[in-house]
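To keep things clear, I will list the structure first and then write my remarks on it.
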Protein chains: 2
Amino acid sequence: MAKLIDTCSRELMDTAPQIIQAIRVEMRRGRGSDISIPLFRTLGFVQRNPYSSLSNLAEHLGLTLPSDSKLVDGLVKQKLVTRREFMADRRMITLVLTKAGASIVDSARADAQANLAQKLGGLSIDELETIYQAMKLLRSIFAGQSR
Amino acid sequence: MAKLIDTCSRELMDTAPQIIQAIRVEMRRGRGSDISIPLFRTLGFVQRNPYSSLSNLAEHLGLTLPSDSKLVDGLVKQKLVTRREFMADRRMITLVLTKAGASIVDSARADAQANLAQKLGGLSIDELETIYQAMKLLRSIFAGQSR
DNA sequence: ATAATTAGTTCGCCTTTCTAACAATTAGAA
DNA sequence: TTCTAATTGTTAGAAAGGCGAACTAATTAT
């Protein structure tokens, strides 16, 4: 049991970076997108959670506030996101995708998905199901509270 | 079927970065290690494949040669790795861990594993098994040839 | 009213990564 | 064999992502 946990930990440490790397490469060569993973994650989160605050975003991405502020800054300059102050508490900001932002994130996702799908194409339904279940488990474990 | 593939792809894109982020954080607060993920991966690969060439390493990490050269440079400066020219083909170099390198990578791995193990601790044996199987599948898909 | 907390930003720093240009060595072709 | 190709690494320069520390502004608590 303890051994299985250790094996899993080691597998995670080995495999997760490789997956990221593959996604990064696919993201880069995606026509119509060419966006980095952190930017993609940011846009994706804002898309799923419009009017989110910066802290909220930072917590979900597992980054510090300064890091996130900078990320968002870049996105605002590219007009992919709007940063507006929240009237009920004027310390906060709310983040919303622009149309351009939504279209970028959609096409980046489509590109990456297409490339990933091709890699996953050789697997059986059972194997895909295993991966799906594993990702659900891992996501619930690693979601958010890493900080 | 196609839908399952897409779902899996999306899960991968969402979850893999979160795992990485968690590992990064755990790596950083690990006493006795404090090493970044790329450096850890490099040391780990050299440990498992002593006398590897730089290209070999780069291919496995999915990085370009210059990136790797610089990474290794840092490790050599810290005396964690030795870079020696390979006599039979003097263009190549061979990489070997120093004792300090081995000890760093071991303790970093132990730290990260301990922290990951704690997170995985709440899972059942079946769930761990699912994750293990999934990682094996993913590793075989994403190993190496991403470039 | 003042102190403490919270939300974001700015600053300065370091690391990771890339491309482009280069040197050195080896392998291949004329 | 000699000249050209290809391979292996390195250097230089730039961009991006991450951090902590120090700051401002707004809100909440004492």
Side-chain angles (χ1 to χ4, degrees), chain A residues 17-18 20-29 34-43 46 51-78 80-95 146-147, chain B residues 17-18 20-30 33-43 46 51-78 80-95 146-147:
Chain A
Q18 283 185 318
I20 293 288
Q21 186 59 28
I23 294 176
R24 195 195 334 265
V25 169
E26 281 151 14
M27 217 80 136
R28 204 189 315 280
R29 80 163 152 249
D34 191 23
I35 198 172
S36 74
I37 290 182
L39 296 182
F40 175 72
R41 292 184 73 204
T42 302
L43 292 176
V46 174
Y51 305 103
S52 165
S53 72
L54 193 66
S55 315
N56 206 334
L57 171 65
E59 191 188 332
H60 269 79
L61 297 191
L63 302 178
T64 60
L65 236 43
S67 303
D68 246 352
S69 187
K70 204 189 272 187
L71 272 182
V72 167
D73 230 45
L75 292 173
V76 167
K77 275 185 191 120
Q78 291 180 65
L80 303 180
V81 160
T82 62
R83 174 163 44 186
R84 216 174 294 148
E85 84 175 359
F86 178 54
M87 287 314 180
D89 182 342
R90 303 211 331 271
R91 290 169 301 182
M92 288 203 238
I93 62 171
T94 60
L95 300 170
S146 47
R147 162 162 309 276
Chain B
Q18 283 184 319
I20 293 288
Q21 185 60 27
I23 294 176
R24 197 197 327 268
V25 168
E26 283 151 14
M27 218 79 136
R28 202 189 316 281
R29 81 162 150 249
S33 48
D34 191 24
I35 200 173
S36 73
I37 291 183
L39 295 182
F40 174 72
R41 292 184 74 205
T42 302
L43 291 176
V46 174
Y51 305 102
S52 165
S53 72
L54 194 67
S55 317
N56 208 333
L57 172 64
E59 192 188 332
H60 269 79
L61 298 190
L63 302 177
T64 60
L65 236 45
S67 303
D68 246 352
S69 186
K70 209 184 270 190
L71 269 183
V72 167
D73 230 44
L75 292 172
V76 168
K77 275 185 192 121
Q78 292 181 65
L80 302 180
V81 161
T82 61
R83 175 164 42 187
R84 217 173 295 147
E85 84 174 358
F86 178 55
M87 287 313 182
D89 181 342
R90 300 206 340 268
R91 293 169 298 184
M92 287 204 240
I93 61 170
T94 59
L95 299 170
S146 47
R147 168 160 306 276

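Everything quoted here is computed from the prediction, not taken from an experiment. Just so it is clear, the values below take in all heavy atoms, side chains as well, and ignore hydrogens, waters and symmetry mates. Within every chain, numbering begins at 1; the chains are lettered A, B, ... in the order of the sequence lines, protein sequences first and strands thereafter.
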Would a 4.5 Å heavy-atom cut-off, applied to side chains only, mark [X] and [Y] as touching?
{"X": "A/Leu71", "Y": "A/Leu63", "answer": "yes"}
{"X": "A/Glu85", "Y": "A/Met87", "answer": "yes"}
{"X": "B/Ser53", "Y": "B/Ile93", "answer": "no"}

Please check the phosphate of [N] (OP1 and OP2 only) for any side-chain N or O of [X] closer than 4.0 Å.
{"X": "A/Arg90", "N": "D/dA26", "value": "yes"}
{"X": "B/Arg24", "N": "D/dG17", "value": "no"}
{"X": "B/Thr64", "N": "C/dT19", "value": "no"}
{"X": "B/Ser53", "N": "D/dT8", "value": "no"}
{"X": "A/Ser67", "N": "D/dG17", "value": "no"}

Atom-to-atom span, [atom1] of [X] to [atom2] of [N] - whole angstrom:
{"X": "B/Asn56", "N": "D/dG9", "atom1": "CG", "atom2": "P", "result": "9 Å"}
{"X": "B/Asp73", "N": "C/dT15", "atom1": "CG", "atom2": "P", "result": "13 Å"}
{"X": "A/Leu71", "N": "C/dT10", "atom1": "CG", "atom2": "P", "result": "14 Å"}
{"X": "B/Lys77", "N": "C/dT15", "atom1": "NZ", "atom2": "C1'", "result": "13 Å"}
{"X": "A/Met92", "N": "C/dT5", "atom1": "CE", "atom2": "P", "result": "18 Å"}
{"X": "A/Glu85", "N": "C/dT9", "atom1": "CD", "atom2": "P", "result": "11 Å"}
{"X": "B/Asp68", "N": "C/dC18", "atom1": "CG", "atom2": "C1'", "result": "13 Å"}
{"X": "A/Ile20", "N": "C/dT16", "atom1": "CD1", "atom2": "P", "result": "16 Å"}

What's the closest nucleotide to the [X] side chain, out of [options]?
{"X": "A/Leu54", "options": "C/dT9, D/dA12, D/dG9", "answer": "C/dT9"}
{"X": "B/Ser36", "options": "D/dT8, C/dT16, C/dG8", "answer": "C/dT16"}
{"X": "B/Lys70", "options": "D/dA14, D/dT27, D/dG9", "answer": "D/dA14"}

Touch class at under 4.0 angstrom, heavy-atom based, for A/Arg83 against every strand present: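 Touches sugar-phosphate only.
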Touch class at under 4.0 angstrom, heavy-atom based, for A/Pro66 against every strand present: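 The answer is base, as A/Pro66 lies within the cut-off (heavy atoms under 4.0 Å) of a base atom.
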Under 3.5 Å on both distances, the Watson-Crick or G-U partner of D/dC3: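 Check on D/dC3: paired to C/dG28, both distances under 3.5 Å.
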Complementary nucleotide of D/dG20, counting Watson-Crick and G-U pairs under 3.5 Å: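 Its partner is C/dC11 (Watson-Crick or G-U wobble, both distances under 3.5 Å).
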Toward the 5' end of DNA chain D, by each residue's nearest nucleotide, A/Leu65 or B/Ser55: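 It is B/Ser55 whose nearest nucleotide is closer to the 5' end.
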Toward the 5' end of DNA chain D, by each residue's nearest nucleotide, A/Ile37 or A/Arg91: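 Going by which nucleotide is closer to the 5' end, it is A/Ile37.
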B/Arg84 atom CZ, over 12 foreign heavy atoms within 6.0 Å: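 Count not over threshold, so no.
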Verdict with reasoning, A/Leu61 to B/Gln21, per side-chain contact (heavy atoms from CB on, under 4.5 Å): CA-CA 8 Å; A/Leu61 297 191; B/Gln21 185 60 27; over 6 Å; no
Criterion side-chain contact (heavy atoms from CB on, under 4.5 Å) on B/Val76 and B/Asp73, from CA distance to verdict: CA-CA 5 Å; B/Val76 168; B/Asp73 230 44; 5.5 Å; no
Chi-angle category of D/dA15 [syn within 90° of 0, anti beyond]: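 Glycosidic conformation of D/dA15: anti.
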